[in-house]
K.L.:
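What follows is a structure written as structure tokens; I'll ask about it next.
This is a predicted model, so every value here is computed, not measured. Proteins get letters first, then strands, A, B, ... in listed order; numbering begins at 1 in each.
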Amino acid sequence: FLGAGGGNDIQWCFSQVKGAVDDDVAEADIISTVEFNHSGELLATGDKGGRVVIFQQEQENKTQSHSRGEYNVYSTFQSHEPEFDYLKSLEIEEKINKIRWLPQKNAAQFLLSTNDKTIKLWKISERDKRPEGYNLKEEDGRYRDPTTVTTLRVPVFRPMDLMVEASPRRIFANAHTYHINSISINSDYETYLSADDLRINLWHLEITDRSFNIVDIKPANMEELTEVITAAEFHPNSCNTFVYSSSKGTIRLCDMRASALCDRHSKLFEEPEDPSNRSFFSEIISSISDVKFSHSGRYMMTRDYLSVKIWDLNMENRPVETYQVHEYLRSKLCSLYENDCIFDKFECCWNGSDRQVIFHGTVTLFLPPLCSIVMTGSYNNFFRMFDRNTKRDITLEASRENNKPRTVLKPRKVCASGKRKKDEISVDSLDFNKKILHTAWHPKENIIAVATTNNLYIFQDKMN
Amino acid sequence: MLGKGGKRKFDEHEDGLEGKVVSPTDGPSKVSYTLQRQTIFNISLMKLYNHRPLTEPSLQKTVLINNMLRRIQEELKQEGSLRPVFVTASQPADPLGDSFREAPPAFSHLASPPLLPADLVSTTPLESCLTPASLLEDDTFCTSPPPVPHDGPTKPPPPALQPVKDSFSSALDEIEELCPAPTSAEAVAAETAAGDAKAHPSESSVQKPEGLPESRTAESKLMDSLPGNFEITTSTGFLTDLTLDDILFADIDTSMYDFDPCTSATGAASKMAPVSADELLKTLAPYSSQPVTPNQPFKMDLTELDHIMEVLVGS
């Protein structure tokens, strides 16, 4: 447990790495999304080839008290196929943009996966028994000659090797003209939203032939378009509230009770531009690539190109905290614009909900979880964590080298300018092809999943 | 000739920029600011016209690049700059003749599979055509054997050989831009002509998206219409003295275009583009209603241009 106000700094250790070893990355293997389910037992990844791979955590072994369960492949399925839009003569990529898990209601697991145009609801179910002893069929399925049947028996279920099946239960199609960038399940667990560049639609999980448009920022004249929607999310507790971020660095909070079409926001979050930092690229680097509510819903976090910002929902005019992810890139923006890196969309995530426990005399209080650490990716396979309480930050690297299980990761440091100290890496030697865009934090434990281009790294905190 | 530090008449204009916001990567002089701005303008144009044709381009990226172009154009307008933003470094000796041949791919690429991906991938690195961004900054990020720009399975097609196409389109655009639409009958006529004739991709695709062939998709229309939009918004307060005639038919010193910078003895090929523009500016600076008498004439007949474009693109 973390005591109130945060505990010791977490020491991260390498646990596992999944994916091909060779440097030659097959394009289809590029990981495009990573998401834990609500219990943390399952970890899903989506890739550019339209596949979903789900890993399952081993049940904790009493004898292996020094580490938490490992994640092993549980299910792999092809979620989306490439399609062709005949009207526009363009391919529709099968790349999985987002995966979101539904909370578990029965034995099966459900998740939503989406590419640019179509959202699918997948049911993942286990089969570990099968019926045996049919009267009219042999075990291999061949029909028996009825004349050979002399007795009747009742078929019984016998155990079999575990089989995990994924089947598409709903396909939500033809509702988006532009590319879907976000899906978010409502706290009512009945509806969800999907957002593309210009519109946000509201769906009911049971109904596929109809969706309601709740935000539309498409101008009448497309030539006047200067701003697009970049991310959207439902409030974790308030089922009528959602936010969406834009390419101009603004976040709008909308209340669906106000009107059917939420074009007028209830709140607009925007930080005034810092004149001393103004450049040609100010707008581009202000574009928000991810927005995430804290577990309580009191705060939200946004990621733009150079920083992570924490916003208090009660304060619209500026964030309450700002963390610089890789400020040393500010002087390189022109090059990063030239090679398109400036358009990379980094995601961010909160730490899992470590319960806050307070001991007061004979009373033990379990308080709502604290969101105290934020994590986000950078280049050179580096990723960063910021502790909101201690104000300390750390840079770690996801790399196969020097990573033995249970060895604490060595902090990394980038040298912005001047003399490079030993073990520091200069900005010019950063590999901008090695970007960590997707990270996820286990909802309950200190386990994190970090995706490099085509590998998935799992790190855990060092258990004493 | 190449502006090796000689004082330029443009300085007066530059002084007016003193209070302006300056890029953090700016050197002490305004030259590097305008240099960077021009580079960014060139890069932005190239990005818009160079993308994988198979899938739809990212709308967010397109919008951001377009906003960048608009902003720069806005700045240029506010400065009252007479300097067209030329990308001319890799132009052959006859800028117009060869440009005509090169231009069509830039604008027909959305109607048909583009020429550029495999065919036009040249070994000429970006640096020899434009001022590499890295020269404006501390890093050697782009010029040193980079892991980023030209490697990797996910890289976009290298933006090679775009400068020529875009220099022509930029040139034409800037010439159009210099003429305020309401005050020039010729410009209005030109634009109308451009809008009507579908086989004028350089003007129509950039300025009048409606005039494009029907096979264009909605998204590609957007893409082209976005830069077109900012091309059209020439303000009336901008160079009201000038008419299209003044610019097109006046004699302008283009002596700097008459040699191939890539084979130039100076070796600083990558610095040609901005310097050329500055040089051009020098000749244009005393521009009023009096045409400048340069060393070599620069004549272009608009109807002749239309005709050539028709031949190249249309049929």
Side-chain angles (χ1 to χ4, degrees), chain A residues 24-27 30 48 82 85 87-93 116 177-179 181 196-198 221-230 247-248 275-284 287 330-343 345 417 427-428 430-434 453, chain B residues 21-26 36-37 39-40 43-44 46-47 53-56 58-68 70-72 126 130 132-134 136-142 144 146-149 151-156 159 209 215 217-222 225-226 228-230 232:
Chain A
D24 210 13
V25 179
E27 186 134 341
I30 295 173
K48 208 158 180 230
D85 183 335
L87 206 59
K88 298 182 187 176
S89 253
L90 291 169
E91 275 182 21
I92 298 172
E93 272 193 292
D116 284 339
T177 308
Y178 304 97
H179 292 177
N181 52 56
D196 67 30
D197 294 311
L198 298 179
N221 181 4
M222 277 296 264
E223 289 186 14
E224 291 165 5
L225 180 65
T226 59
E227 190 174 10
V228 299
I229 297 170
T230 53
S247 56
K248 286 195 172 172
S276 65
N277 267 337
R278 192 151 160 240
S279 78
F280 288 107
F281 307 101
S282 292
E283 188 194 45
I284 297 182
S287 177
R330 194 179 286 275
S331 58
K332 314 291 179 201
L333 292 178
C334 200
S335 303
L336 295 166
Y337 179 63
E338 196 172 5
N339 65 16
D340 276 355
C341 280
I342 208 174
F343 298 106
K345 295 189 192 168
S417 59
V427 184
D428 300 318
L430 292 176
D431 187 343
F432 288 83
N433 267 337
K434 295 188 177 164
T453 308
Chain B
V21 174
V22 162
S23 159
T25 68
D26 202 1
Q36 185 180 39
R37 180 174 62 191
T39 305
I40 293 169
I43 295 171
S44 305
M46 281 171 46
K47 280 188 187 303
L54 300 171
T55 56
E56 264 179 288
S58 155
L59 186 63
Q60 180 193 355
K61 196 167 144 187
T62 306
V63 166
L64 288 171
I65 295 170
N66 202 64
N67 289 351
M68 175 80 86
R70 277 189 184 134
R71 223 175 299 125
I72 293 178
L126 182 63
L130 297 173
S134 52
L136 305 174
E137 299 171 354
D138 301 334
D139 62 344
T140 54
F141 181 64
C142 282
S144 54
V148 182
D151 285 340
T154 57
K155 72 165 170 76
S215 60
T217 68
E219 291 314 311
S220 52
K221 262 193 187 189
L222 166 67
S225 65
L226 288 179
N229 179 46
F230 82 82
I232 292 174

K.L.:
Would you mind telling me which of A:L198, A:D196, A:I229 makes a side-chain contact (heavy atoms from CB on, under 4.5 Å) with B:L59?
P.N.:
A:L198
K.L.:
Taking C-beta and beyond as the side chain, do B:Q60 and A:H179 meet within less than 4.5 Å on heavy atoms?
P.N.:
no
K.L.:
OG/B:S44 to CD1/A:I284 distance, rounded to the nearest 0.5 angstrom?
P.N.:
7.0 Å
K.L.:
Taking the side chain as everything from C-beta on, heavy atoms only, tell me whether B:L64 gets closer than 4.5 Å to A:E283.
P.N.:
yes
K.L.:
Rounded to the nearest 0.5 Å, how far does CG of B:N67 lie from OG of A:S247?
P.N.:
7.0 Å
K.L.:
Against chain B, label A:F343 side chain, backbone, both or neither, depending on which of its atoms sit under 4.5 Å from a heavy atom there.
P.N.:
side chain
K.L.:
Looking at B:K47 and A:E338, does any basic side-chain N land under 4.0 Å from a carboxylate oxygen?
P.N.:
no
K.L.:
Give, for atom NZ of B:K61 and atom CG of A:D197, the distance between the pair rounded to the nearest 0.5 Å.
P.N.:
13.5 Å
K.L.:
Give, for atom OG1 of A:T226 and atom CG of B:N66, the distance between the pair rounded to the nearest 0.5 Å.
P.N.:
9.5 Å
K.L.:
Going through the checks in order, is the side-chain contact (heavy atoms from CB on, under 4.5 Å) test met by B:M68 and A:F281?
P.N.:
CA-CA 8 Å; B:M68 175 80 86; A:F281 307 101; 3.5 Å; yes
K.L.:
What part of A:S287 gets closer than 4.5 Å to chain B, counting heavy atoms only: side chain, backbone, both or neither?
P.N.:
side chain
K.L.:
Are there more than 12 heavy atoms of other residues, nucleotides or ligands under 6.0 Å from atom NZ of A:K434?
P.N.:
no
K.L.:
Give me the atom names and distance for the closest heavy-atom approach of A:F280 to B:R37.
P.N.:
CZ-CB, 3.3 Å
